[in-house]
Amino acid sequence: MHHAFHVIWRPFLICFVLAAIGILLAGGWLAGLCVLAAAGWLVRGRVTIQHFTLWLLIGGFLLRVAVILVLNPPIISDFGLMFEASQSLLAGDFSFQQLRYFSLWAYQSGFVAWQAMLLAIWNNPLIIKLANALLSAGTVCLLYRLARDHVRESAAQAAMLLLTAFPFALTLPTVLTNQISSAFFLTLGVWLLACYDCTRLGFWRFPLAGLALQAGNLLRSEGVILVVAVLAYAVFAVLQRPNMAKRMVCGMAALLVVYGAVGVGADAAVRASGLNANGTANGYPGWKFVTGLNFSTSGGYSTDDWNQLSATFDENGPTEATYQVQDALISERLSAGPKALLLHAAHKCKLLWCNDALDWAFGHLQLHDCLTLIYDNIQKMDRMLFYAALLLAVFGVYRPRRTAAAYLPLFVVFAAFCAFLLIEVQPRYAHLPQLFLFCGASLGFDRLIGKEENHA
């Protein structure tokens, strides 16, 4: 009888597990749970993979290349404008700067030049996507190097496993966006400044970090978020170790001087080269605040606001009438009262942080039958991994013995959170802080392992 029990039990067990898998697959939860289970196995078993940085780079690049070959979204929106401008620049035609988009948002000229440089190697948008794949994988490697300074190896590897599988970061290289190249250089700046790998650079790490941060800023204007975060890191570092105050103050001064000087130099170079007569300036910074305060769009892009404001432009851009309309709109929205503003902030958080941005890579597909099931799993996996990273970061945030550098990724996330409360948001704008959030998730994984060790 005992033998008969096992004969019957094993087929039942297999069938039950298959049924459970079918339910999870149909519900869209299977892929995300498998990734979380793999990360949990690394952490609880304290499993470490040798030469993990190399595997992250090679594996991450090949995985992204595979996604690029499968997905081929059309070049639309701002991406199309910048790609056409890069093609014009490659042909020696600078007339694109006459378009209102580039006269107003002249800071996009840096990314146009970046794409033109890549297209000079191979005049095909695939070269930009391949560069995106390499830089995206490289960014994950830099974040891993940052994380492993402060947590156990298995915790750092588990966090990077989540980030490698995170669908938004994995599929974004298919889009010709400036976010990926910018994020790489901004992360490189943080790595130069705070990672143990760079201690041999001595004081040079500060100006080099300033150079990398400005390079990222010239590709996409998010450098101020990182500058605020590294200044917060410097303050906390000095509070923890007052004896390093002089070195930190001098270092941050060097970082800021290089950051500012490179920005000024790039602006002058863009003007002198004829790339854009307006340099790298933002011709209308108030726009981001106007649309960011639009209650009806939850802080997203507002066609009505743009039509109302652009109707007051002249051939040179905003006029005195533009600023009068702008001030009236901002004043009206700010006077809505604390309750309305708090509700607006909640709606902005939902749009930016809680919605996925997978439509940029998948929106062109005609989903049906099994494709719908696959996309549903990818979509739920995206949100599952994001919320897991968020909860892990919160769980791991408190530990008095950690150095200020351990919390630098979370300073980046919080600086971005505060900045986007004021300006326009879209779900894809969360890309940069989400990268650092997964790095911060390693702190939570480290606490899950058990008895804490001092990684200071």
Side-chain angles (χ1 to χ4, degrees), residues 76-85 95-112 177-179 182 217-225 267 270-271 275-338 340-352 355 357 359-360 416-430:
I76 59 173
S77 187
D78 297 0
F79 312 132
L81 278 174
M82 288 191 282
F83 181 72
E84 290 173 7
S95 61
F96 67 87
Q97 66 179 289
Q98 303 304 323
L99 297 173
R100 175 173 285 178
Y101 181 88
F102 290 104
S103 61
L104 273 181
W105 325 124
Y107 57 83
Q108 300 285 23
S109 302
F111 185 65
V112 169
T177 174
N178 55 4
Q179 293 172 270
S182 174
N217 186 66
L218 290 169
L219 291 168
R220 181 177 176 84
S221 300
E222 293 183 329
V224 64
I225 293 174
D267 179 77
V270 168
R271 294 175 192 271
L275 178 60
N276 196 313
N278 296 314
T280 59
N282 183 345
Y284 188 28
W287 161 247
K288 288 288 186 181
F289 294 94
V290 173
T291 193
L293 285 168
N294 189 300
F295 291 2
S296 62
T297 63
S298 299
Y301 180 86
S302 169
T303 302
D304 290 340
D305 281 352
W306 178 251
N307 290 339
Q308 187 175 354
L309 289 164
S310 62
T312 65
F313 288 5
D314 61 18
E315 64 277 5
N316 296 317
T319 63
E320 186 62 33
T322 306
Y323 294 111
Q324 289 176 0
V325 174
Q326 168 196 294
D327 293 345
L329 287 171
I330 291 175
S331 177
E332 177 188 352
R333 291 164 184 177
L334 288 177
S335 62
L341 289 171
L342 285 173
L343 187 61
H344 178 58
H347 290 160
K348 290 188 76 172
C349 285
K350 182 178 180 181
L351 177 61
L352 176 67
N355 291 355
D359 55 312
W360 290 102
F417 175 84
C418 294
F420 283 118
L421 287 176
L422 304 174
I423 61 174
E424 178 196 356
V425 296
Q426 291 184 30
R428 71 177 176 89
Y429 291 176

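Because only heavy atoms are used, hydrogens play no part in the values below, and waters and symmetry mates are left out as well, while side chains stay in. All values derive from a computational prediction rather than experimental measurement.
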Any chance you could measure Ser296, atom OG, to His347, atom NE2, to the nearest 0.5 Å?
12.0 Å
Where do Thr297 and Leu351 come nearest, in terms of heavy atoms and distance?
O-CD2, 3.9 Å
In sequence, state the C-alpha distance, the side-chain angles, and the governing distance for Arg220 and Phe111, and then conclude on side-chain contact (heavy atoms from CB on, under 4.5 Å).
CA-CA 7 Å; Arg220 181 177 176 84; Phe111 185 65; over 6 Å; no
Shortest non-hydrogen contact from Ala345 to Leu421?
CB-CD2, 4.1 Å
Test Gln97 against Asn278 for side-chain contact (heavy atoms from CB on, under 4.5 Å), laying out the working first.
CA-CA 9 Å; Gln97 66 179 289; Asn278 296 314; over 6 Å; no
Strictly distance-based, threshold 3.5 Å: is any side-chain N or O of Asn276 a donor or acceptor partner for the main-chain N or O of Val270?
no
Could you tell me the separation between the CE atom of Met82 and the CH2 atom of Trp105, rounded to the nearest 0.5 Å?
12.5 Å
Check whether any side-chain heavy atom of Trp360 lies under 4.5 Å from a side-chain heavy atom of Thr177, and answer yes or no.
no
Check: Asp305 and Trp287 side chains under 4.5 Å, non-hydrogen atoms:
yes
Smallest separation among heavy atoms of Phe289 and Leu422, with atom names:
CD2-O, 3.6 Å
Nearest heavy-atom contact between Lys348 and Val425 is CE-CG1, 3.8 Å
In Å, rounded to the nearest 0.5 Å, how long is the span from CG of Leu309 to OH of Tyr323?
10.5 Å
side-chain contact (heavy atoms from CB on, under 4.5 Å) assessment of Leu275 paired with Phe96:
CA-CA 9 Å; Leu275 178 60; Phe96 67 87; 3.6 Å; yes
Between Thr312 and Thr319, the two heavy atoms sitting closest are O-OG1, 2.7 Å
NZ/Lys288 to CG/Leu293 distance, rounded to the nearest 0.5 angstrom?
13.0 Å
Evaluate the side-chain proximity of Gln326 to Pro318: yes if any heavy-atom separation is below 4.5 Å, no if none is.
no
Rounded distance [0.5 Å steps], CG in Asn178 versus CZ in Phe79
7.5 Å
Would you indicate whether the side-chain heavy atoms of Pro427 and Leu352 approach each other to under 4.5 Å?
no
With side-chain hydrogen bond (donor to acceptor under 3.5 Å, both in side chains) as the test, pick out the partner of Ser302 among Asn307, Thr291, Asn294.
Asn294
Surrounding CZ of Phe417 (heavy atoms of other residues, nucleotides or ligands, distance under 6.0 Å), is the total greater than 12?
no
Test side-chain contact (heavy atoms from CB on, under 4.5 Å) applied to Leu329 and Gln308, step by step:
CA-CA 10 Å; Leu329 287 171; Gln308 187 175 354; 4.2 Å; yes
Do Tyr429 and Glu424 come within less than 4.5 Å of each other through their side chains, counting heavy atoms only?
yes
Shortest non-hydrogen pair, Leu334 vs Leu341, comes out as O-CD1, 3.6 Å
Between the OG atom in Ser298 and the NZ atom in Lys350, the distance rounded to the nearest 0.5 Å is 8.5 Å
So Phe295 and His344, would you call those rings parallel, tilted or perpendicular, with 30° and 60° as cut-offs?
tilted
Geometric cation-pi criterion, Arg428 with Tyr301: 6.0 Å, 45°
no
